[in-house]
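Notes follow once the structure below has been shown.
Only heavy atoms go into these numbers, but all of them, side chains included; no hydrogens, no water, no symmetry mates. Sequence lines set the chain letters: A, B, ... in the order given, protein chains first and strands last, and positions in each chain run from 1.
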Amino acid sequence: MAAGPAPEARPLMNKQTFLDNFSHLNYLNETYLCYEVDRMQDDLWIPLDEYKGFLRNKGADMGLERRHAELIFLERMASWNLDTELRYRVTCFISWSPCPDCADELVKFLRENRHVNLRIFAARIYERFPGYDTGLRALKAAGVKVTMMTFQEFEYCWKNFVDHQQDEDESFPPWDNLVVRSEELSQRLAGILQNQED
DNA sequence: ATTTTCAAT
């Protein structure tokens with residue numbers, strides 16, 4: 001009776017992958033980025049489930065070309081060809097905040113795509129490279145709402161991007177001091193974003 | 001103990 005192929009299930013992230021990558025207690029040399037898109041309609045944001053998913057950076061293994069998660073995401077976004085007559089809000093939940101180079105690329109994309117608004121929730125601040133702070137400020141100046149993930153966002157991602165269908169208890173299992181660490185990082189970020197030079 | 005960072009600043 002069932003006609004046609006079953007709808008393709010959206011891929012979900014492995015539980016441990018999420019906990020390993022987004023935790024404040026565990027710093028991996030890789031980055032995961034979860035994303036979703038809303039379209040403005042009658043002053044409301046309507047979720048577009050077809051543009052919901054996650055990805056990870058490429059290249060550390062197998063000798064592939066290295067590529068930060070944001071660059072992969074930018075390519076994916078470009079491939080959607082979002083209608084320039086409409087307004088979109090793109091939300092990213094990313095395990096590391098963007099490096100300065102990725103921040104530049106994001107700013108460039110947003111300049112060329114005025115119909116797209118971007119929000120970035122980062123689990124941790126990536127301060128490996130000098131200029132990480134000016135990169136974050138450039139994002140803010142370009143209209144990106146950059147904030148740290150709080151319990152609410154971790155839980156949201158757990159519910160929306162992580163595969164825990166088999167579990168009896170599907171609630172998000174927070175790690176020790178999640179709320180405190182998130183609050184500390186939020187204050188650090190606030191200081192970075194306030195601190196305009198010149 | 002809150003050393004860790006999309007590895008190789």
If you measure from the ring centre of W96(A) to the centre of the six-membered ring in the base of dT5(B), is it under 5.5 Å, with the planes under 30° apart? yes
Roughly how many Å is it from CG in N29(A) to P in dA7(B), rounded to a whole number? 7 Å
Protein-nucleotide distance (E127(A), atom CD; dT2(B), atom C1'), rounded to Å: 14 Å
Classify the nucleic acid contact of L33(A) as base, sugar-phosphate or nothing, counting any heavy atom under 4.0 Å across all strands shown. nothing
On DNA chain B, more 5' by nearest nucleotide between R181(A) and P130(A) is R181(A)
Tell me if a side-chain donor or acceptor on R124(A) pairs with a main-chain N or O of F22(A) at a distance below 3.5 Å. no
Remember a base hit wins even if backbone is also touched, and classify E30(A) as base, sugar-phosphate or nothing at under 4.0 Å, heavy atoms. sugar-phosphate
Over-ring placement of K52(A) relative to F161(A), 6.0 Å and 45° cut-offs: yes
Report the distance from atom NE2 of H24(A) to atom C1' of dT4(B), rounded to the nearest whole Å. 14 Å
Using a 4.5 Å cut-off on heavy atoms from C-beta on, say whether the side chain of R67(A) contacts that of E75(A). yes
Without decimals, in angstroms, what is the distance between D20(A) CG and dT5(B) P? 15 Å
Give the rounded distance in Å between these two atoms: CD1 of I94(A) and C1' of dC6(B). 8 Å
Taking the C1' atom of each, how far is dC6(B) from dT2(B), in whole Å? 22 Å
Whole angstrom is fine here: how far is it from CG in N21(A) over to P in dT4(B)? 18 Å
Mind listing the residues from residues 98-110 of chain A sitting with a heavy atom below 4.0 Å of DNA chain B? Number order is fine. P98(A), C99(A)
I need the OH-P distance between Y126(A) and dT9(B), as an integer number of Å. 11 Å
With a 4.0 Å cut-off on heavy atoms, is L25(A) in touch with a base, just the backbone sugar-phosphate, or nothing at all? base
With a non-hydrogen cut-off below 4.0 angstrom, is S23(A) in contact with a base, only sugar-phosphate, or nothing? nothing
Does some side-chain heavy atom of H115(A) sit less than 4.5 Å from a side-chain heavy atom of N113(A)? yes
Starting at the 5' end of DNA chain B and moving along, which residue's nearest nucleotide shows up first, D176(A) or H68(A)? D176(A)
Measuring only between side-chain heavy atoms, which start at C-beta, is F73(A) closer than 4.5 Å to V90(A)? yes
Closest nucleotide among dT5(B), dC6(B), dT2(B) to the E184(A) side chain: dT2(B)
Return the stacking result for dT4(B) and Y27(A): yes when the ring centres lie under 5.5 Å apart and the planes under 30°, no otherwise. yes
Can you find a side chain N or O atom of R66(A) that sits less than 4.0 Å from OP1 or OP2 on dA8(B)? yes
Starting from C1' on dA7(B), measure out to CZ on R56(A) and report it in whole angstrom. 12 Å
Is there a side-chain contact between K145(A) and F121(A), using heavy atoms and a 4.5 Å cut-off? yes
For N177(A), answer base if it contacts any base atom (sugar-phosphate contacts may also be present), sugar-phosphate if it contacts only those atoms, and nothing otherwise; contact means non-hydrogen atoms under 4.0 Å. base
For R87(A), the side-chain hydrogen bond (donor to acceptor under 3.5 Å, both in side chains) test, sequence neighbours excluded, returns N117(A)
Which of these, F129(A), Y27(A), Y32(A), sits in a ring pair (Phe, Tyr, Trp, His ring centres under 6.0 Å) with W96(A)? Y27(A)
